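First up is the structure itself, then whatever we jot down about it.
In the text below, chain A, chain B and the rest are named by the order of the sequence lines, each starting its count at 1. Values in this document were obtained by computation on a predicted structure and should not be read as measured data. All values below were derived from every heavy atom in this structure, side-chain atoms included, with hydrogens, water molecules and symmetry-related copies excluded.
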Amino acid sequence: MVQLPWLLLLLPLATAALIHFALGGSGRLAAWTGTASAFGMLGLSVSLLVGATAEASPFVWLETGMFHPDLEQAITLSLKTDRLALSMMLVVTIVGALVHLFSLTYMAEDKARPRYYAGLSLFLFSMTGIVLAGNLFMMFIFWELVGLSSYLLIGHWFTKKSAAEASKKAFLTNRIGDFGFLVGILLIWGAFGTVDFNALERRVDLGNLPLTGGLLTAGILCLFAGAVGKSAQFPLHVWLPDAMEGPTPVSALIHAATMVAAGVYMLVRISFLIALDPTAAMTIAWIGGGTALLAALLATQQDDIKRVLAYSTLSQLGYMVMAVGLLASQAAYFHLFTHAFFKALLFLGAGAVIYCCHHEQNIWKMGGLAKRMPLTFATFAIGTACLIAVPYVTSGFYSKEAILDSAYAASRPLFWIAAFVALLTAFYMTRLVVVAFLGKARSQYARDAVEAPTPMAFALTCLTLLSIVGGFRFFAEAILPRGFYPTFDSPHHNFVMAVSIICLLAGVVASFLLYRGREKDPLHITPLRRGLYIDDLYTGLIRLFQDGAAAVAAAFDRHILNGFFLGGTAALTQAVGSVFRRMQPGSLHFYLVLAALGIMLLIWATSTV
Amino acid sequence: MTLEHYLIAAGILFCTGLFGMIVRRNILVIFMCLELILASATLTLVAFSRFRLTSGLPDIDAQMLVFFVITVAAAEVAVGLAIIVSLYRSTQSVHMEDLHTLKG
Amino acid sequence: MDSILFYLFALVMIAFGFGVVMNRNPVTSAMCLVGCFLGVAALFIMLDAFFIGVVQIAVYAGAVIVLFVFILMLLDIAGEKRREFPIHAIAIGLIVAVIVGGQIAMVAGSLDDVGGKFPPIDKAAAVEARVERGNNPDSTINTILTDPKKPSYPDVHIIGEALFTRYPLHLQIVAVLLTVGAVGVVVLSKKRLE
Amino acid sequence: MDLFTFLSSSVMVLVVFTIVLTLVPISVYLERRVSAVIQDRLGPNRVGLPLTLFGAKKDFHLFGLFQPAADGIKLFLKEDHTPAHVNKFYFILAPALVMVPALLSAAVIPFGSTMDMPFFEGRQVQLAVANVDIGPLLIFAIASLTVYGIVIAGWASNSRYPFLGGVRSSAQMISYEICLGLSIIPVLLYFGDLNLGRIADQQSRDGWLLLPIAFGGDGPVVDWRTLLLLPTLLIAFIIFTVSLFAETNRAPFDLPECETELVSGYHTEYSSMKFALFFMGEYAAMVVGSALIVTLFFGGWALPFGLDNLIRDPATGAFPWWASLMHMGVFLTKVIGFIVFFIWVRWTVPRFRYDQLMKLGWVVFFELALANILLAAILIAIFG
């Protein structure tokens, strides 16, 4: 009996193994195998969603001893194939398949294609594992695998120093979050005795929780720490802009559907836990809002086309996390869903631009691309429209409205922050489009650019369609879990919509007036360009603490440990040793006879009792 | 045949091995005697397994233990012989009385 | 018949065991070890442990002692001329061996008939117990157990089942151990690189 | 154990020994004739009955079929020289240690089907010495003892070339035993049984392992699950066969006795009947190996396409006595076919270098066999 969910999980792993072990010599074969497998996964997840039986029997991975009578003794690999997981799977596989397709041309010249495609397949495997995971342990395993595969992919061009540094940074930053996550999981396990989502939900429904007060807050925040790392929330957001060193399709995959989405997805999964504790929920909401604002501010001053998009991802993730914190996880998930399509579209569009401009990424060296790459421009513009939430015709509008609605209902300060972020979003995205696509070409590459090749164009077109219809009721309700599509029937809905449209217009107009026809950036705000010095702060902190701790440890080691304990103990040991040395004649036979005497004593002692 | 017969046979083998280990001076032969002792232990285990039927069949857990012991013993012999070879390389002898560097 | 075979194999085992201890030439000791292990394996088979018996031959006689012989040949260790059997060592060894042997005999004699005289294998009871534990009555092992044409009980199947259902973790640990052992041996026996 | 079982077992021992020992000179003869054909020569054709001595017109040659007898007589009558520098006891023991395991391991091979005894009503006899449940394991266990004979021969000869041959041989045999054991695990997984008799019986019902077509009661049947497994079984077959070449020290892996480098390896110092024992041991190992291949992969005594289903007694699964004898003939035909294959390879493939041999074993076959096991296990777990 073939169980489709397990097949869906193992297919990319098998592909990765096949490519890595068997197809290492042939880039073309590896590319087509990877792409075929990604489309196969897409087919599988569609068939699961439209009604193929999604039964997946759990598999006991290992059984532990009895730590405590209340704890589960088996660590089970089980798949949870509810509507949430399956809809997420659909997003992951659509974006994954299109990214594969896009890579066919984007990476055509690359020498290490087998490694690249093996990495992509591994990435899809890890993400599938997170999405389908039925319990926190299994999710953690794949959580780590996502970290590993992102490390491999961001550092794909590892001969470039910055790429190697970026992959290392992403990995290490994620470790901090993962540590918190692990602590959280253990806390939940210890208190509830189980980490299975279904069992946990049943336990929460029963009431009378084993975990209350500060500990509950701590547990939820520890779990949230995992999401902070993966979804790049403040203060662990620093890895994400640097991760742009990876190949652009990888950025599209990481930013749209896989790694950063994992954090939000996990929060949605455990939203029933977050709802238990208002303190933790509020903290989460404020971190999300803060990240959204911070990232939007930073995005206004970036020159690299991919970094602008990276900061915009951060800001949108901030939105989602904020929504989760405001106990509107349906809205958060809906935004995750729509955002996946148009952010993948934007990244792949940026990839097409970069590809056609011979790997030039600075927007001030582009310009006038609208005429030379009309299709790319059109799709990119639609993606931008989705991101800045042009009313009624774009998917981003519906999901963002849902979030703003819930923010207005739950917390006014956060609502105004979110509105301001919407304004900033409109501002920097308009800036990007105006500078890169309109005006005159500002470099030779931009003058020579031609339209993107067919597979890229195909991927872009598909994503454009999805970006538009993604927010429409008929489409989204067919895919999302029941009750996740917003109703827009709150009494303050009209006010919220008015605010958001005003913000949108203000941002677009301001940006258009400021950047139209410019040759250089008229604004130059150094703190924003340098990421508000957060990176420098971290470097300084690390240096301070590391050097300080090292100095203290060295002094302790030299004087107290070595001088007193070791010196004193050594003298004592030497004295005792000189006594006992006489009992060691160095003859194996002597020891053997002693051992035999021991055996005799043992038999004597046990047999006479 | 009763369990006693097998235990006594294994016991004799054990004592032979122990005697050899005490008497011999060649480290390789001592190692072989060690294997004799191990074999006697596995023999007792298998005998116990056969004579202690659990629901009609021999107690398979004891045989599993023997299986693992044999596996581990194979690894032990390989490592032990490698150590003896490097010992021989440095001292040019496998005679126990020449090997007393660890003497206190 | 069975007791004749038992005494025969036990004699083979113990005689060759003495051969290991008593021979001056280590190669002869090794060959005696082979004979001793063949005797042990035969006793295993008499105890209905076919698989363990065959593994004993294949692993010990087939591989482990070949290693011994290989090393003996490699180091070219001939029979030893000097100090091989010092009198005091023989005296101590005899005393120790006799005392331990006596103790073992006493312990073995004081067991009050564990299992009695070679209890017969009861395949029907085994199947019953397995079904009671929730095992499918038509599973492969059960059908083999109830097969009237089978002269002996399927110990390879049962060992395999136990190995992969009850001891998978142990199996993996042993696999890791063997890998580590292999790596260790390569490192140990490599000539030092200057 | 009743008298009938005792007698039938004793008779089987005699039959099997006779078969194996008869196959040895036959294969020596074949070796000479086939090599001659391959090298476009005539080969031995003159030894025969010297009828001209008694006034007849022509000698009686019969394709030189008497050559093996002449070889045998020559080996008997040569001087049995034992050099002075050897370790006598082991020098004499070694040839026996080569011969005995080869003959012992023939015990578990089913030479024919289960036979309804013609004069003992209701009695059936399996045409094998020992019908044990651990057949292949037992063969591997016993065959692994062959290496002692060679190592001891090399060591006891107390001379350079035999010693090198012995060392080479032990390393080679230990290495290839691993591939040999690993390679047939897919086959055993497929059968789910270690009893060679039942393995052969199953193939007589469902078609040979590598020719899974059987005409049962309901017309021709091709089992698609077996077809799916066929590639892995084929890989198993290839690894097993090649490893067997190395295990029996046959060309192209005959490095322990490679004459251009080692004179003639571990049996350099041997002559007369002791040498003949080595010689026979090698051929007997080849015969047993061929028999094992035939039993595992080519249906043993079974006719192809499940034709046996037509003559089998449906109630007991046994065969009438004439069918069993025919099966024995079928089995021997297949074995001789394989022996010819062994010989063919020897005279067409050049010898490997020692490092190439080790590399092939450890780097190629070992990994391939492991991957093959994994693949077969997955296929069987999903579809089986």
Chain C: which of [options] shares the most heavy-atom pairs with it under 4.5 Å?
{"options": "I70(B), L7(B), I8(B)", "result": "I70(B)"}
{"options": "I83(B), L18(B), L36(B)", "result": "L36(B)"}
{"options": "G20(B), P58(B), A39(B)", "result": "P58(B)"}
{"options": "T71(B), V85(B), I30(B)", "result": "T71(B)"}

If you tally heavy-atom pairs under 4.5 Å against chain B, which of [options] wins?
{"options": "C32(C), G17(C), G101(C)", "result": "G17(C)"}
{"options": "A108(C), A182(C), G181(C), A63(C)", "result": "A108(C)"}
{"options": "F51(C), F70(C), Y60(C)", "result": "Y60(C)"}
{"options": "V186(C), L47(C), L94(C), V64(C)", "result": "L47(C)"}
{"options": "I104(C), V100(C), I52(C)", "result": "I52(C)"}

Heavy atoms of other groups near Y167(C) OH, more than 12 under 6.0 Å =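 More than 12 heavy atoms, drawn from other residues, nucleotides or ligands, come within 6.0 Å of this atom.
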Neighbour count >12 (heavy atoms, 6.0 Å) for atom CD, Q103(C) | yes
Counting only N and O atoms by type, is there a donor-acceptor contact under 3.5 Å from the side chain of [X] to the main-chain atoms of [Y]?
{"X": "R24(B)", "Y": "V21(C)", "value": "yes"}
{"X": "T28(C)", "Y": "R24(C)", "value": "no"}
{"X": "S49(B)", "Y": "L45(B)", "value": "no"}
{"X": "N23(C)", "Y": "S29(C)", "value": "no"}

Got a sec, which residues hit ring-ring contact (aromatic ring centres under 6.0 Å, His included) with F19(B), two or more places apart in sequence or on another chain?
-> none
Atom group of [X] that falls short of 4.5 Å from chain C, counting heavy atoms:
{"X": "E76(B)", "result": "neither"}
{"X": "Y6(B)", "result": "both"}
{"X": "T42(B)", "result": "both"}
{"X": "V77(B)", "result": "side chain"}
{"X": "M64(B)", "result": "side chain"}
{"X": "L87(B)", "result": "neither"}

Checking heavy atoms, do the side chain of L171(C), its backbone, both or neither come under 4.5 Å from chain B?
->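 Its backbone and side chain both get close to chain B.
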Bottom line for V59(C): the part with an atom under 4.5 Å from chain B's heavy atoms is side chain
Apply salt bridge (charged side-chain N to carboxylate O under 4.0 Å, His left out) to D61(B) and R166(C), showing your working.
-> CA-CA 10 Å; D61(B) 289 335; R166(C) 280 157 56 203; 2.4 Å; yes
Side-chain contact test, heavy atoms from C-beta onward, threshold under 4.5 Å: evaluate it for [X] versus [Y] and give yes or no.
{"X": "P26(C)", "Y": "L28(B)", "result": "no"}
{"X": "F68(C)", "Y": "E35(B)", "result": "yes"}
{"X": "F16(C)", "Y": "V20(C)", "result": "no"}

